[in-house]
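As C-alpha cells, the structure follows; a few thoughts come after it.
Numbers for residues simply follow the sequence, beginning at 1.
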Amino acid sequence: KSIYLDSGCSRDMCPHRDWFVTYSPLSKPIIIHIGDASAVRAVGIGSIQFQMDTPNGPVPSVFPNVLHVPDLAATLISMSKRTDKDKHTFIGKKNDLFIISTKTNKIVAHGVKTSNGLYSLQGFPTASASEYAFKASTPCTIDINILHRRLGHLGQSNLQRLVDKAMVEGVNSVGG
C-alpha cells in the first residue's frame, strides 16, 4: 500500500476506505483527472492519521480533507498543499526529502526517492484508539479455503502457523 509525496497533486487522495478515521460520503462525486489523462471519482472525504518515521523518531500526524478515490493505485499526499511558507519547508538531500515544520523547526515527515522518481512517504496509517480497541475485542474467524486462496495457495499447516503467530492481520482463527 504505497504512499507518495506528489508535487503535481492538488489534493490529498487515498483509495483505502479503512484508513479514514473520519469520513463523510460526498453528495456528488468529484471527478479527478490524473497524469495519464484518465479520470477517476472521489466518493468521500475525511481524515487519515499517520505515524511518520523520521530520522528523529516517530511523529504522529493527521491529514484532514483527504479525498477517498477508490480507483487510485496509491495514496497521494499533495506537496503543493504543504508549501505554505508559514507552515512547512521542504529540504532535499540526496535521495531524501524532508518536510520541516516552520513553527517547531523539526522534521515532521520524510520521503525516500524511488526508482520511478517519486518520493515514498516513510510512515503508515494508524487507526483511532477506539478503532484499535474495537479490533482488539472483536475476534475474527476466516474460512481456511478463502485464506488459502488469498495467500497464494499455502498449505493448511502453514496457514494455521501464520494465524497462530498473529501474522495475519485481523484473523484470530481459521475454520472450514
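- Through side-chain heavy atoms spaced under 4.5 Å, either directly or across other Ile, Leu, Val, Met, Phe, Trp or Tyr residues, Val112 is tied to no other residue.
- For the 3.5 Å distance criterion, the side chains of His110 and Asp53 fail to qualify, holding no donor opposite an acceptor.
- At least one side-chain heavy atom of Asn65 sits less than 4.5 Å from a side-chain heavy atom of Ile45.
- Pro125 and Ile3 get closest at one heavy-atom pair: CD-CD1, 4.3 Å.
- Side-chain atoms of Pro58 and Gln51, non-hydrogen and from C-beta on, do get closer than 4.5 Å to each other.
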Listing, residues 25-43 side-chain donor-acceptor contacts under 3.5 Å, not counting sequence neighbours, or none:
| unit_1 | atom_1 | unit_2 | atom_2 | d |
| --- | --- | --- | --- | --- |
| Asp36 | OD1 | Ser38 | N | 3.0 |
| Asp36 | OD1 | Ser38 | OG | 2.5 |

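- Considering only heavy atoms from C-beta on, Val21 stays 4.5 Å or farther from Ile48 through its side chain.
- Through direct or indirect side-chain contacts shorter than 4.5 Å among Ile, Leu, Val, Met, Phe, Trp and Tyr, Ile91 is connected to Phe98, Ile100, Ile107.
- Of all heavy-atom pairs spanning Pro15 and Leu72, the tightest one is CB-O, 3.3 Å.
- No chain of hydrophobic side-chain contacts below 4.5 Å, direct or via other Ile, Leu, Val, Met, Phe, Trp or Tyr residues, connects Met13 to Val66.
- With hydrogens and angles ignored, the 3.5 Å screen pairs a side-chain donor or acceptor of Thr22 with a backbone N or O of Ser47.
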Report, one line per pair, each donor and acceptor closer than 3.5 Å where one atom sits in a side chain of residues 156-164; sequence neighbours left out.
| unit_1 | atom_1 | unit_2 | atom_2 | d |
| --- | --- | --- | --- | --- |
| Asn158 | OD1 | Arg161 | NH1 | 2.9 |
| Gln160 | NE2 | Asp164 | OD1 | 2.8 |

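- Using a 4.5 Å cut-off between side-chain heavy atoms of Ile, Leu, Val, Met, Phe, Trp and Tyr, with links allowed through other members, Phe20 and Leu121 fall into the same hydrophobic cluster.
- Shown here for Trp19 and Cys14, the closest heavy-atom pair between the two residues is CE3-SG, 3.5 Å.
- For Lys113, the side-chain contact (heavy atoms from CB on, under 4.5 Å) criterion is met by Asn95, Tyr119, not counting sequence neighbours.
- Residues Met52 and Phe90 share a hydrophobic cluster, clusters being chains of Ile/Leu/Val/Met/Phe/Trp/Tyr side chains in contact below 4.5 Å.
- Considering every non-hydrogen atom in both Val108 and Ser101, the closest pair reads CG1-CB, 3.8 Å.
- A 6.0 Å sphere centred on CG of Asn105 holds no more than 12 heavy atoms belonging to other residues, nucleotides or ligands.
- Not counting sequence neighbours, the partners of Phe50 by the ring pair (Phe, Tyr, Trp, His ring centres under 6.0 Å) test are Phe63.
- Side chain of Asp12 to backbone of Ser78: a donor-acceptor contact under 3.5 angstrom is found.
- One distance of note links OG1 of Thr114 with CG of Leu5; it measures 10.5 Å at 0.5 Å rounding.
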